[in-house]
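Structure first, commentary second.
Because the structure is a prediction, the values reported are computed rather than measured. Every chain is numbered from 1 and lettered A, B, ... according to where its sequence line falls, protein lines coming before strand lines.
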2 protein chains.
Amino acid sequence: MLDRTHPTPLWRQLQNDLIRRLRAGEFTDTFPGELTLVDTYRVSRHTVRQALRHLREEGLVAATRGRQPRVAHTAEVVQPLDTLYSLFASVEATGRTQTSQVRVLDIRADGVIADQLDLEGSTPLLHLERLRLADDEPLAIDRVWLPAAIAAPLLDADFSRTSLYAVLADRTGTRLDHSSENIRAVIPTGAERALLRCPADTACLSIHRRGESAGRPVEWRHTLVRGDRYTVTAEFSVTEGYQRRPI
Amino acid sequence: MLDRTHPTPLWRQLQNDLIRRLRAGEFTDTFPGELTLVDTYRVSRHTVRQALRHLREEGLVAATRGRQPRVAHTAEVVQPLDTLYSLFASVEATGRTQTSQVRVLDIRADGVIADQLDLEGSTPLLHLERLRLADDEPLAIDRVWLPAAIAAPLLDADFSRTSLYAVLADRTGTRLDHSSENIRAVIPTGAERALLRCPADTACLSIHRRGESAGRPVEWRHTLVRGDRYTVTAEFSVTEGYQRRPI
DNA sequence: CAGTGGTCTAGACCACCGA
DNA sequence: CGGTGGTCTAGACCACTGC
């Protein structure tokens with residue numbers, strides 16, 4: 001189960017294994033308590049608590065003194081605003097299964113979008129539109145445009161289960177190193193609400209992102225996320241050299 | 001030194017005492033190591049580490065294995081924490097006038113809010129509720145709670161034209177050095193929409209903020225911002241990480 | 001009542017760093 | 001080399017929760 005000879009600390013191995021089991025859906029609602037984990041993994045309680053600390057801080061597991069610990073199925077995805085994030089990764093990190101329905105994948109020209117990317121209006125762009133789901137429940141409508149000169153190799157990729165950024169880096173070697181986003185609150189149109197299957201009283205976050213690689217704009221993206229399932233978080237600290245907690 | 005009969009955990013008492021000594025300038029550059037603290041405070045190393053964890057995460061103390069621990073010199077300059085709320089100030093920079101209507105300013109207890117601040121439910125809190133306007137047009141409903149033990153001197157302040165953080169720093173010397181925010185999209189209630197005088201089809205950004213000073217929570221804030229007038233922006237660079245700034 | 005998490009102790013070995 | 005923080009163990013008592 002755990003490898004005591006491996007240089008990775010025991011508590012991190014334990015943490016990873018618990019995340020794996022969480023993703024595998026092994027704990028539908030209840031979650032083992034600390035003493036149970038001590039027995040099953042044959043480690044001290046201190047080690048168990050160190051492994052659990054991160055899971056609890058991440059909100060994956062809800063535990064209160066006296067009560068039966070539970071898997072926190074907060075019906076929402078929490079998005080830290082501290083990394084160049086991928087919606088795919090943040091959904092998977094919560095133990096949910098992320099899938100996408102590809103609605104559009106083609107190459108076209110669009111003067112408005114090209115303008116945002118500092119390109120000529122007639123420049124061909126690869127356009128990908130996906131309905132993104134977490135555990136088969138609609139989460140967001142995601143539209144992204146990339147210059148065809150860079151992204152053409154993605155035309156035949158399967159985006160139903162993979163991250164755009166992963167495919168982009170894999171097939172073209174392009175990695176985003178800079179991005180800027182605008183986040184607004186909007187009320188979805190009737191068509192959007194129907195597609196997202198969200199209640200009538202639900203607002204959405206409208207996120208525009210412009211991504212760059214080596215100083216060149218390579219991505220214009222618009223994501224419409226259900227407000228009842230998604231939260232953006234941000235952390236600030238005045239101190240220099242502030243180290244973010246690992247995982 | 002530490003009171004073992006007091007209900008406050010030992011590690012919290014130790015943390016508070018270390019913060020007190022830090023503020024008193026007792027440690028100019030070097031900082032005692034863990035074993036030193038074990039000796040001086042007569043507690044176990046586990047307790048010392050639990051107390052130090054927050055100080056290190058906050059960046060107040062820099063410690064690396066093998067090296068002499070040091071006091072982290074927090075860039076002595078201003079509090080850059082008003083990224084979002086200087087958004088209101090930046091409105092003035094664009095030529096508009098920003099004002100506030102103070103709707104509530106009193107001291108009360110609120111168990112739910114106190115819980116968010118890690119305080120006892122009966123702890124008195126200073127509560128300030130403002131309707132914030134730009135050029136006499138409503139922008140946001142801003143509610144903030146601070147422990148009365150710290151913020152009581154603000155009871156007779158005039159908040160119609162001034163920043164809370166400025167008054168807080170001026171009258172109490174407290175400056176926020178850390179905060180975390182959650183940003184969601186919501187649809188305002190009828191009362192909120194009426195107060196904000198916004199159209200029926202307008203969504204809002206709901207922003208919860210928890211602010212800390214020297215590792216202790218001092219502010220719980222909820223701001224409801226009109227989605228049709230404000231955008232939150234974020235920048236990311238691989239070299240610099242994310243920084244949010246207002247538009 | 002049994003089980004939960006929160007706190008605390010007193011040990012131990014290790015990797016790392018600077019003198 | 002001595003001191004640092006990182007990890008880990010094997011205990012213990014307590015407050016709280018739900019049955």
Could you walk me through whether Trp145(B) and His222(B) pass ring-ring contact (aromatic ring centres under 6.0 Å, His included), step by step?
-> CA-CA 9 Å; Trp145(B) 291 259; His222(B) 178 245; 8.2 Å; no
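When side chains are defined from C-beta on, Glu137(A) counts as touching Arg229(A), because their heavy atoms get closer than 4.5 Å. The side-chain heavy atoms of Phe31(A) and Leu52(A), taken from C-beta on, include a pair separated by under 4.5 Å.
Between Arg53(A) atom CZ and dG6(C) atom P the separation is 11 Å, expressed in whole Å. For the pair Arg49(A) CZ and dT4(C) P, the computed distance is 13 Å after rounding to whole Å. Following rounding to the nearest Å, Leu35(A) (CG) and dG6(C) (C1') show an atom-to-atom distance of 12 Å. In this structure, Leu14(B) places its CG atom 13 Å from P of dT7(C), rounding to the nearest Å. As rounded to whole Å, 12 Å separates atom C1' of dG5(C) from atom CG of Leu37(A). Here the C1' atom of nucleotide dT7(D) and the NE2 atom of His6(A) are 16 Å apart, to the nearest Å. In this structure, Glu34(A) places its CD atom 18 Å from P of dA15(D), rounding to the nearest Å.
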Expected string for nucleotides 9-19 of chain C under the B/S/- scheme (protein heavy atoms, under 4.0 Å, primed atoms plus P, OP1, OP2 as sugar-phosphate) is B--B--BBBS-
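Take Glu129(B) and apply the side-chain contact (heavy atoms from CB on, under 4.5 Å) test, not counting sequence neighbours, and it matches Arg103(B), Val104(B), His127(B), Ile141(B), Arg143(B).
Phosphate contact (OP1/OP2 of dC8(C), side-chain N/O of Gln50(B), threshold under 4.0 Å): absent.
Nearest to the side chain of Ala63(A), among dT4(D), dG5(C), dT7(D), sits dG5(C).
Arg56(A) comes within 4.0 angstrom of sugar-phosphate atoms only, judged by non-hydrogen atoms across all strands, and of no base.
Aromatic ring pairs are classed by plane angle as parallel below 30°, tilted from 30° to 60° and perpendicular above 60°; the pair His46(B) and His46(A) is perpendicular.
Look at Glu34(A) and Arg49(A) and you find a salt bridge, because one of the NZ, NE, NH1 or NH2 atoms lies within 4.0 Å of a carboxylate O, short of that distance.
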